[in-house]
Amino acid sequence: MSEALRMAEAAAKSAGARRILKLRLRLGSLSGVVEESLRFAFDVVSGDTLAAGATLEIERVPGACWCGTCQAEFACVDFFNECPCCHNPSGELRRGQELEIAAVEIDK
Amino acid sequence: MCKECGCGLGGGDVKIGVPPHEHQHEHGHDHHHGHGHHQHEPHVHDHGPQTLTLNRSLMEKNARLAERNRGFFHAKKLLVLNVVSSPGSGKTTFIRETAARLGARLRVGVIVGDLATDNDAAKLRTAGIPVVQITTGTVCHLDAEMVSKAASQLDLDHLDVLVIENVGNLVCPADYDLGEDLRVVLLSTTEGEDKPLKYPPMFHSANVAVVTKGDLAAAAGFDRAQALANLQRVSHHAEVFELSAKTGEGMHAWLDFLVAQHATAPSQREVPRC
């Protein structure tokens with residue numbers, strides 16, 4: 001969370017912002033990040049920054065794997081990655097591990 | 001701070017090696033852009049919210065440093081292993097025996113991570129292995145920057161294999177690329193067959209899975225077939241080895257694998273990764 005704030009503040013300051021109104025994060029369902037913990041950490045570390053009091057918006061990205069046999073994507077909710085059609089395990093997790101800062105909304 | 005558990009929030013107490021003397025480390029450039037931000041008086045027409053699109057990974061700093069490590073290690077013709085497991089799976093003994101049994105075939109150096117003490121480093125040093133200890137304080141994993149600093153304390157030009165013994169933890173180290181060629185996860189016969197199912201991200205991220213403490217399998221009532229089935233389910237792309245570092249059983253296949261990996265140019269190594 002401190003890394004997200006560092007990036008957000010750097011971008012906001014470069015743009016001449018007075019404060020950050022909103023942080024938008026993108027979280028994959030398989031990123032291992034617990035949303036509640038992230039929100040708690042945000043409250044703790046944002047206090048003395050431009051983001052004090054800002055809204056934390058979290059966009060969830062569902063997991064998706066590629067099945068080479070079926071040449072198709074399938075949704076995955078865990079790391080077992082078994083294709084629902086052919087039951088082969090997939091070695092290619094295409095989405096779901098995101099931990100990104102998408103955007104910040106600032107007030108000048 | 002770790003993205004999983006918030007470790008190291010108190011931070012700043014990572015120690016690398018025994019500092020022989022104070023010297024300036026070359027730190028990864030953390031350049032704050034110093035273009036003096038002219039503090040414009042807020043213009044009236046500038047008021048109102050504005051959205052800045054960033055789309056950047058929060059792990060990008062570690063990812064960047066890990067790639068830098070990887071390039072550096074390849075230039076040094078090193079095969080680099082990141083050895084991960086729960087505490088007590090036998091990482092140190094496994095690494096010590098790997099180094100000893102490789103003998104003159106490949107020269108092994110080790111970077112060891114623990115929260116505290118240099119006991120593991122001392123064990124390896126006693127066996128004549130070049131080693132640097134990282135004590136992470138409150139941090140539950142190694143990251144690429146720690147590895148880069150620790151590696152600078154080893155004579156890499158006289159090594160063929162660099163083994164990084166990560167902090168004993170099956171959760172957080174899964175997310176930190178260190179610049180390794182192979183991630184090697186250990187599963188000991190004494191800790192239960194279902195570890196891969198309980199900690200899937202780690203087992204899923206591994207290129208190699210090693211079942212250790214084969215000599216204790218019978219005493220521990222280890223269900224080998226079940227363990228292999230669980231590994232197959234989660235680490236389906238990984239090479240699997242079964243061995244006992246203590247008795248040496250099964251070590252040959254593992255050592256031959258390392259020799260073959262080291263002989264293969266990095267670009268041609270087939271290391272399935274997810």
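To find a chain, count down the sequence lines: A is the first, B the second, and so on, and within it residues start at 1.
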**Request:** Answer yes or no: is there an ion pair linking Arg39(A) with Glu36(A), defined by an N-O contact shorter than 4.0 Å?
**Result:**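 No.
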**Request:** State plainly whether the residues Arg64(B) and Glu67(B) are in salt-bridge range, i.e. N to O under 4.0 Å.
**Result:**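 The answer is no: the pair does not qualify as a salt bridge.
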Heavy-atom proximity to chain B below 4.5 Å, by part of [X]:
{"X": "Arg94(A)", "result": "neither"}
{"X": "Ala102(A)", "result": "both"}
{"X": "Ile101(A)", "result": "both"}

**Asked** Considering residues, nucleotides and ligands other than Arg60(A), do more than 12 of their heavy atoms fall under 6.0 Å from its CZ?
**Response**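 Yes - once you tally the heavy atoms of other residues, nucleotides and ligands closer than 6.0 Å, there are more than 12.
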**Message:** With a sphere of 6.0 Å drawn around CG of Asn55(B), does it hold more than 12 non-hydrogen atoms of other residues, nucleotides or ligands?
**Reply:**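 It does: Asn55(B) CG has more than 12 such atoms within range.
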**Request:** List in chain and number order the residues that pass side-chain hydrogen bond (donor to acceptor under 3.5 Å, both in side chains) with Ser235(B), two or more places apart in sequence or in another chain; answer none if no residue qualifies.
**Result:**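 Result, side-chain hydrogen bond (donor to acceptor under 3.5 Å, both in side chains) vs Ser235(B): none returned.
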**His204(B) versus Asn81(A), side-chain donor and acceptor atoms under 3.5 Å** =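 Asn81(A) vs His204(B): donor-acceptor pair found between side chains.
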**Prompt:** Just by modelled atom types, is the Glu59(A) backbone N or O under 3.5 Å from a matching donor or acceptor in the Arg24(A) side chain?
**Reply:**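 Such a contact is absent between Arg24(A) side chain and Glu59(A) backbone.
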**Positions in residues 79-90 of chain B that reach chain A, provided some heavy atom is under 4.5 Å away** =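 Residues of residues 79-90 of chain B touching chain A at under 4.5 Å: none.
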